[in-house]
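Okay, structure first, notes after.
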There are 2 protein chains.
Amino acid sequence: MNDLRDDRAIAVEALIRYLECRDQVSAYERNLLANLSMRFKAFGKGEELVVEHSRPNESCLVLSGFTGREVMLKDGTRQITAVHIPGDFVDLHALLLKLMDHSVVALTEVHAAYVPHQELVRISEAAPHLSRLLWLSTVVDGAIQRAWIACIGRRKPLHHLGHLICELSVRLNAVGLAPRHSFDFPVTQAQLADVLGMSLVQVNRTLQALRRTGLVSWKASTVTIHDFAALAELCDFDPIYLNLINEPR
Amino acid sequence: MNDLRDDRAIAVEALIRYLECRDQVSAYERNLLANLSMRFKAFGKGEELVVEHSRPNESCLVLSGFTGREVMLKDGTRQITAVHIPGDFVDLHALLLKLMDHSVVALTEVHAAYVPHQELVRISEAAPHLSRLLWLSTVVDGAIQRAWIACIGRRKPLHHLGHLICELSVRLNAVGLAPRHSFDFPVTQAQLADVLGMSLVQVNRTLQALRRTGLVSWKASTVTIHDFAALAELCDFDPIYLNLINEPR
DNA sequence: CGTCAGATTGATATTCATCAAGATCGGTGG
DNA sequence: CCACCGATCTTGATGAATATCAATCTGACG
């Protein structure tokens, strides 16, 4: 395990890198972030970073690995409503929501940092612009969720899956984790089914159909997009909703 | 049409009522809101309040009627990713997103107020707590979208429709528009299909199945829930995600 | 080698979209 | 007042898409 000094540096850098994809972060703001108090924790596959119905007093940032927001229905089925990648401030809204309406679970091995809410409130008082950037990060999550609603509601399975892969590739690439449209995504087809709102068998067959297009390969846990433009065209993927434009907010 | 003084009073009251469902609004904060500059506009069914790919410099608040966020796919199908009710600050995220990734359309006749972004930025500088409340309103929108993802992805049509009705009833009731679980919802089944991600025929049949449960009647444009507790139980509806709890944020 | 999780496959039943045709309703103009 | 019209709702029939069930296969690992 990394020592704490490493974890802290990683967390602060990840967060700043995330924010800098969308706007400038001033030295003053960097300094505020660098002085946040944090605790760190590692999670195994399936473990919960944030528990449904709890009242967190800290918010959680992913340092490595993939997490998902999980909604369990009373009939026992599960829907994952969001996938978060390293650098995402996954649980920032707990600051405002107070009471969790869902869990955040580790889809893979995960390292995470927790920041006390009072420190975030302090930022919102002391640094309005930085506060808007944090606000922005929750708003981008909302934009992604809207894209997902459209995918589940109206796209064909093949396009839905391809759209997801495009999205992950672009998001990971923004934080340096998907060079040449290739990235590691160690999830099972069963997990993927809960992300896509399909059955396991359907996922398996859709994956095969996607491979047959020749645009993507997915071997072991490595996803590689061979022709991003063609895949984006096929799946009607337009990255505008990810808001990866650096401009004043 | 109302004169402007009326519209302004309605807008400010609607917004304060919305925020007060979740936290206290101080006299200072009220005053800031009351002095926002606004322009007002009326829309007919199907007209766009906010246009995809535009760069709004003002954000839009619904005063009366229902609006929806509309995503059009290249195959011509449509998905509505959110329904907004009077009092919702529909387009608050445009403040941060800059470039719209979707449209906001009038599902019925709609009156709306537009507030310049610079005034909202000023609030974020001058009133951190009020700013957090506005942030909260976008975060609640996100929570609703997550619930929708779960509904589209995993619930049966009957439960999905019932869940939507429960949600609308609770949200409308919070702003005084659904006394005794009865409210006006003048949308066509075709619009509903785009909300639910189903075909028109499916919506029609699901509506009939819902009527047969005896828990809901939907005549002309009036929806009445006869047994809210039973409907909520049937559809696995838990209002926690709407965050209608008044507490410090 | 045996075990286990995960991936794959085939068969079957169900659900759902689509197509096409009426029925109903509200409003309009003669 | 009535005939007509368009929008919306309703219904039945059909085929395609998808979930489900039940094996079987594969690869990693002790």
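Chain identifiers are assigned alphabetically (A, B, ...) following the order of the sequence lines, protein sequences preceding nucleic acid strands; residue numbering begins at 1 within each chain.
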Taking only side-chain N and O atoms of [X], does any of them lie within less than 4.0 angstrom of OP1 or OP2 on [N]?
X	N	answer
Q202(A)	dT18(D)	yes
N204(A)	dT8(C)	yes
Q208(B)	dT11(D)	yes
Q189(A)	dA5(C)	no

Would you kindly give the [atom1]-to-[atom2] distance between [X] and [N], to the nearest whole Å?
X	N	atom1	atom2	result
W218(A)	dG6(C)	CH2	C1'	14 Å
L192(B)	dT8(D)	CG	C1'	13 Å
R155(A)	dA17(D)	CZ	P	18 Å
K156(A)	dC16(C)	NZ	P	19 Å
R212(B)	dT11(D)	CZ	C1'	13 Å
R211(A)	dT8(C)	CZ	C1'	10 Å
L196(B)	dA17(C)	CG	P	11 Å
L200(A)	dT8(C)	CG	P	10 Å

**Item:** No-hydrogen, no-angle side-chain donor-acceptor test under 3.5 Å, H181(B) and S169(B)
**Value:** yes
**Asked** Would you find more than 12 non-hydrogen atoms of other residues, nucleotides or ligands less than 6.0 Å from K219(A) atom NZ?
**Response**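 No.
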Output a table of nitrogen or oxygen pairs between the protein and nucleotides 19-24 of chain C separated by less than 3.5 Å.
none

**Request:** List in chain and number order the residues that pass side chain to side chain donor-acceptor pair (under 3.5 Å) with E52(B), two or more places apart in sequence or in another chain; answer none if no residue qualifies.
**Result:** none
**Prompt:** What heavy-atom pair brings L49(A) and A112(A) nearest, and what distance separates the two atoms?
**Reply:**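 Looking at all heavy atoms of both residues, the shortest contact is CD2-CB, 3.7 Å.
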**Prompt:** V71(B) and H102(B): which non-hydrogen atoms are nearest, and at how many Å?
**Reply:**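 Minimum heavy-atom separation between V71(B) and H102(B): CG2-CB, 4.2 Å.
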**Request:** Tell me which nucleotide among dA17(C), dT18(D), dC9(D) gets nearest to the side chain of P157(A).
**Result:** dT18(D)
**Message:** Main chain of M198(B), side chain of R154(A): is a donor-acceptor contact present, judged purely on distance under 3.5 Å?
**Reply:** yes
**Request:** Starting from the C-alpha separation in whole Å, work towards a yes-or-no answer on side-chain hydrogen bond (donor to acceptor under 3.5 Å, both in side chains) for Q145(B) and D141(B).
**Result:** CA-CA 6 Å; Q145(B) 284 164 4; D141(B) 286 351; over 6 Å; no
**Request:** Mind checking S199(B) for me? I need base, sugar-phosphate or nothing, with any heavy atom below 4.0 Å counting as a touch.
**Result:**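 S199(B): base contact, heavy atoms under 4.0 Å.
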